[in-house]
Amino acid sequence: MDKPINKNFITNIIDNDNTTNKFSGRVHTRFPPEPNGYLHIGHAKSICLNFEIAQLYNGKCNLRFDDTNPEKENIEYIESIKDDIEWLGYKWDSLHFASDYFKNLYEYAIKLINDGYAYIDSSTPDEIKQQRGTLTEPGINSKDRDRSIKDNLQIFEAMKNGEYKDGEYVLRLKIDMASPNINMRDPVIYRIKKYKHHRTGNDWCIYPMYDFTHCISDAMENITHSLCTLEFEDHRVLYDWIIDKIDHDNHPQQIEFSRLSLEHNLMSKRKLNELIEKNYVLGWDDPRMPTISGMRRRGYTSNSIKDFCNRIGITKKNSSIEMGVLENTIREELNISSKRIMGVLEPIKIVITNYPENENENIIVVNNPNNLNDGERSISISREIYIDKNDFMEFPEKKYYRLSPNKEVRLRHAFNITCNKIIKDEKGEITKLECTYDPISRDMSKGNKVKGMIHWVDVNNCVNATVNIYDRLFNDSNPLTLENFNKNSLIIKNNAKLEYNINLNDPNSRYQFERVGYFFQDKNSSSDNIIYNKIVSLKDSWGKNKS
RNA sequence: UGGGCCGUCGCCAAGAGGUUAAGGCAUCGGGUUUUGAUCCCGACAUCGUAGGUUCGAUUCCUACCGGCCCAGCCA
């Protein structure tokens, strides 16, 4: 997707800012993740927005880790986030950590104390909660609200020096306990937390909170447009209040847009982590996960993810995107870019009784009928082949036009066969089919016209593989808990037979297994355990009508 | 019930006083095609409701209705 980002209400705001010269024509965004989990497709929406906007306006986009809560954050997450952004194909203009600003933040806090805009509170968390009031009732002032500036300064410094225990004191802004906006009721901006930080070690035992940190970090980085999700709308007045009170000359504009939600998925780092902890999935990069790393492992391309983000748009409306939009995006790309091969997921053996033994023939076929530049390959067929179990029905339902007893069907790229005999084991399971082929039908124009065409693989010229078939993570379109987990979200086909032309040494190539779907080699695939993951099915208007 | 937002086709989403109310996904027809795929053609909304302003409103105003967010020393 090299086309530019679609215009949206945010680009409209920027266009307007540019005409009024609000930021002298500058556009500088940032993507500010907290390193407390892996990035998911919802983050991709934000990443694309921020980076694409910077690109569109010849501006800049920073990557800044919002690492103000050492208890939840770690280096593994930082590395994975950088890795995912790079994989998406974006380059940040500069890399920052909120923790780099701890000193500045501390100094700004002192300024606010000096100016009478912040005070030290010794209230307990419970007292603070009580005094905050409710949605409909105003809060009441803390007993410490009028502590002297001198005392505030002295205690704040002692807090920093580690002289108090966790929770003993906090620094709060002095705004308005009666504000209808609860965020303005003297928010806590510093807490004591004697916890080793992944970057600053034990340098600090007080840590600034989001509301105080984020706006100042934006201002310091010269950000112009601070894009965030809807739940921060109520925080914008506080954001503006702080920038005004510290009197910073760069006052970024916070603009909120709605989060992405994808049907049949969860988009909460906490719950995704729970899926891992409770062994519903194998890890952050499990191909079923809506994480960037999971989708990458499954076989989604970075372009398809960017294209998807562009298609869904940016608004302030809460919305939920159907899986079909995502699936169609990757299908559209892969239809053009991926070579076709044949692959049988659940094999049934067919013996073509009138085909000579110990012989085989090679057939030249195009790699991608929708992209002839992909060239041709040679496939092999002989007396014994495999076809997929669901391409045969002993008692065919109406309009089933694949293989069934005494019916003729065409083998893709080869010739027509007719099923003459079903061979079953003692349990009644079909083990083999005996068919005859019509030599004349090698020439399509000469054989019988048949409606059905199925894929197959030569028994003597194929590779064994395990194929993972994925389905939606949750059955419910809007899962709220893990209870609705789809137990069939992973079905392992461990006896698949793939056409020998598949290039096992090229882990980056994606294939269409004809009539089935698009597949990608799993990262754990090896020469003695070949594993492919289904990225997405082909559309199937027949199967769909049945279920 | 305080405050902040949102409401255009099944799902997204343009449009901002006069438009045939874009486009994508989905769906339904039909045509190519021996991948039930792709591709191509066609069908598919009067804009949450009710009033008002106006020659004229999805676009402005008012009131309702419906939905989301906020009472962490999380972000």
Side-chain angles (χ1 to χ4, degrees), chain A residues 6-8 32-34 36 66-69 71-73 121 123-125 128-130 132-139 166-172 178-185 187-193 206-207 209-211 213-214 228-237 256 258-259 263 269-270 310-329 331-332 335-336 340 342 368-370 399-402 409-413 416 441 444-445 447 449-455 477 512-517 537-545:
Chain A
N6 287 147
K7 288 286 189 170
N8 54 57
E34 181 187 15
N36 67 343
D66 227 329
D67 56 347
T68 58
N69 187 355
E71 287 179 67
K72 294 184 173 178
E73 301 153 2
D121 197 345
S123 304
T124 64
I128 289 180
K129 185 174 178 173
Q130 292 304 315
R132 187 148 32 220
T134 69
L135 295 178
T136 50
E137 299 159 315
D166 284 16
E168 214 169 330
Y169 289 105
V170 290
L171 182 68
R172 300 177 71 178
S179 172
N181 180 340
I182 292 184
N183 295 301
M184 299 298 272
R185 321 240 260 229
V188 172
I189 57 168
Y190 261 98
R191 75 283 214 191
I192 301 171
K193 207 181 265 260
I206 55 172
Y207 291 96
M209 294 191 55
Y210 169 84
D211 283 314
T213 308
H214 202 90
C228 63
T229 43
L230 252 28
E231 68 272 26
F232 293 104
E233 273 178 320
D234 287 345
H235 295 243
R236 191 175 58 239
V237 291
E256 312 83 13
S258 57
R259 282 169 172 269
E263 288 194 348
K269 282 190 253 185
R270 212 197 92 247
N310 204 215
R311 289 178 189 215
I312 60 177
I314 300 291
T315 65
K316 291 173 78 82
K317 186 167 96 181
N318 287 116
S319 60
S320 188
I321 311 292
E322 291 174 342
M323 286 293 279
V325 180
L326 215 209
E327 294 174 342
N328 186 261
T329 308
R331 277 193 200 106
E332 215 169 88
N335 177 42
I336 300 303
R340 269 111 246 235
M342 293 194 282
N368 183 351
N370 292 332
K399 291 213 172 174
Y400 182 83
Y401 47 87
R402 279 111 92 160
V409 76
R410 186 168 186 83
L411 296 180
R412 173 77 166 155
H413 302 304
N416 297 354
S441 68
M444 285 190 292
S445 60
K449 293 270 180 269
V450 294
K451 281 171 295 196
M453 149 112 82
I454 63 177
H455 59 277
S477 64
Q512 181 193 110
F513 293 1
E514 285 197 279
R515 302 207 315 125
V516 181
S537 301
L538 249 34
K539 273 189 210 164
D540 178 11
S541 56
W542 188 76
K544 185 168 50 193
N545 292 335

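First the proteins, then the strands, lettered A, B, ... as listed; each starts at 1.
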Within the structure shown, what part of the strands sits under 4.0 Å from [X] by heavy-atom distance: base, sugar-phosphate, or nothing?
| X | value |
| --- | --- |
| A:Asn370 | base |
| A:His455 | nothing |
| A:Arg410 | base |
| A:Gly167 | base |
| A:Val188 | sugar-phosphate |
| A:Leu171 | nothing |
| A:Glu514 | base |
| A:Ser123 | base |
| A:Thr134 | base |
| A:Pro33 | nothing |
| A:Tyr207 | nothing |
| A:Ser320 | sugar-phosphate |

State whether [X] places a side-chain N or O below 4.0 Å from either non-bridging phosphate oxygen (OP1 or OP2) of [N].
| X | N | answer |
| --- | --- | --- |
| A:Lys399 | B:G36 | no |
| A:Arg515 | B:A37 | no |
| A:Arg191 | B:C74 | yes |
| A:Arg185 | B:A71 | no |
| A:Asn328 | B:A26 | yes |
| A:Thr68 | B:A75 | yes |
| A:Lys193 | B:C74 | yes |
| A:Thr315 | B:C12 | no |
| A:Arg132 | B:C73 | yes |
| A:Lys7 | B:A14 | no |

[X] [atom1] to [N] [atom2], straight-line distance once rounded to whole Å:
| X | N | atom1 | atom2 | answer |
| --- | --- | --- | --- | --- |
| A:Asn310 | B:G23 | CG | P | 17 Å |
| A:Glu327 | B:C12 | CD | P | 16 Å |
| A:Ile336 | B:A37 | CD1 | C1' | 12 Å |
| A:Glu263 | B:C25 | CD | C1' | 12 Å |
| A:Asn183 | B:G4 | CG | P | 13 Å |
| A:Lys269 | B:A75 | NZ | C1' | 8 Å |

Please find the pair of heavy atoms, one from [X] and one from [Y], that lie closest to each other, and give the distance.
| X | Y | value |
| --- | --- | --- |
| A:Leu230 | A:Lys316 | CD2-O, 3.3 Å |
| A:Asn181 | A:Asp234 | ND2-O, 2.9 Å |
| A:Asp66 | A:Glu73 | O-OE2, 3.5 Å |
| A:Ile206 | A:Ile192 | CG2-CG1, 4.0 Å |
| A:Asn370 | A:Arg340 | ND2-NH1, 3.7 Å |
| A:Ser320 | A:Glu263 | OG-CG, 3.5 Å |

Pair partner, [N] [Watson-Crick or wobble, under 3.5 Å]:
| N | result |
| --- | --- |
| B:U35 | none |
| B:C44 | none |
| B:C60 | B:G52 |
| B:G7 | B:C65 |
| B:C73 | none |

request  = Report yes if some heavy atom in the side chain of A:Glu71 is under 4.5 Å from a heavy atom in the side chain of A:Tyr207; otherwise report no.
outcome  =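 They are not in side-chain contact.
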ask   = Is atom NZ of A:Lys451 surrounded by more than 12 heavy atoms (other residues, nucleotides or ligands) closer than 6.0 Å?
value =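 Counting other residues, nucleotides and ligands, NZ of A:Lys451 stays at 12 neighbours or fewer.
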inquiry  = For A:Arg259, I'd like to know if atom CZ has over 12 heavy atoms of other residues, nucleotides or ligands within 6.0 Å.
reply    =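 Atom CZ in A:Arg259 is not crowded, with 12 or fewer foreign heavy atoms closer than 6.0 Å.
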key: Nearest-Å distance once atom C1' is located in both B:C55 and B:C64   =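 Per the computed distance, 28 Å lies between those C1' atoms.
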key: Same-atom distance (C1') from B:A45 to B:A14, integer angstrom   =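 After rounding to an integer number of Å, I get 14 Å for this pair.
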Quick test: give all pairs of protein nitrogen or oxygen and nucleotides 67-69 of chain B nitrogen or oxygen below 3.5 Å, distance rounded to 0.1 Å.
from	atom 1	to	atom 2	distance (Å)
B:C68	O2'	A:Asn318	OD1	3.3

From [options], nucleotide with atom closest to [X] side chain:
| X | options | value |
| --- | --- | --- |
| A:Met209 | B:C5, B:C74, B:G36 | B:C74 |
| A:Ile321 | B:A71, B:A26, B:C12 | B:C12 |
| A:Ile128 | B:C5, B:G3, B:C73 | B:C73 |
| A:Lys317 | B:A37, B:G10, B:C6 | B:C6 |

task = Could you say whether A:Asn368 or A:Asn8 is positioned toward the 5' end of RNA chain B, judged by the nucleotide with the nearest heavy atom to each?
result =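 Going by which nucleotide is closer to the 5' end, it is A:Asn8.
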ask   = Relative to the 5' end of RNA chain B, which residue comes earlier, A:Lys451 or A:Ser258, by the nucleotide with the nearest heavy atom?
value =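 Nearest nucleotide further toward 5': that of A:Ser258.
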Between the side-chain atoms of [X] and the base atoms of [N], is any donor-acceptor pair under 3.5 Å?
| X | N | answer |
| --- | --- | --- |
| A:Glu137 | B:G2 | no |
| A:Arg331 | B:U38 | no |
| A:Arg402 | B:G36 | yes |

ask   = Where does B:G56 land, syn or anti, once you apply the within-90°-of-0 test for syn?
value =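 The base of B:G56 is oriented anti (glycosidic angle more than 90° from 0).
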task = Using a strict 4.0 Å threshold on nitrogen-to-oxygen distance, state whether A:Lys269 and A:Glu34 make a salt bridge.
result =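 Result for this pair is no, no salt bridge flagged.
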ask   = Charged N to carboxylate O below 4.0 Å: is that the case for A:Glu256 and A:Arg236?
value =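 Salt bridge flag = yes for A:Arg236 with A:Glu256.
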message = Is the base of B:A75 stacked against the aromatic ring of A:Tyr210, taking ring centres under 5.5 Å apart and planes under 30° as the test?
response =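 Here A:Tyr210 fails the 5.5 Å or the 30° condition.
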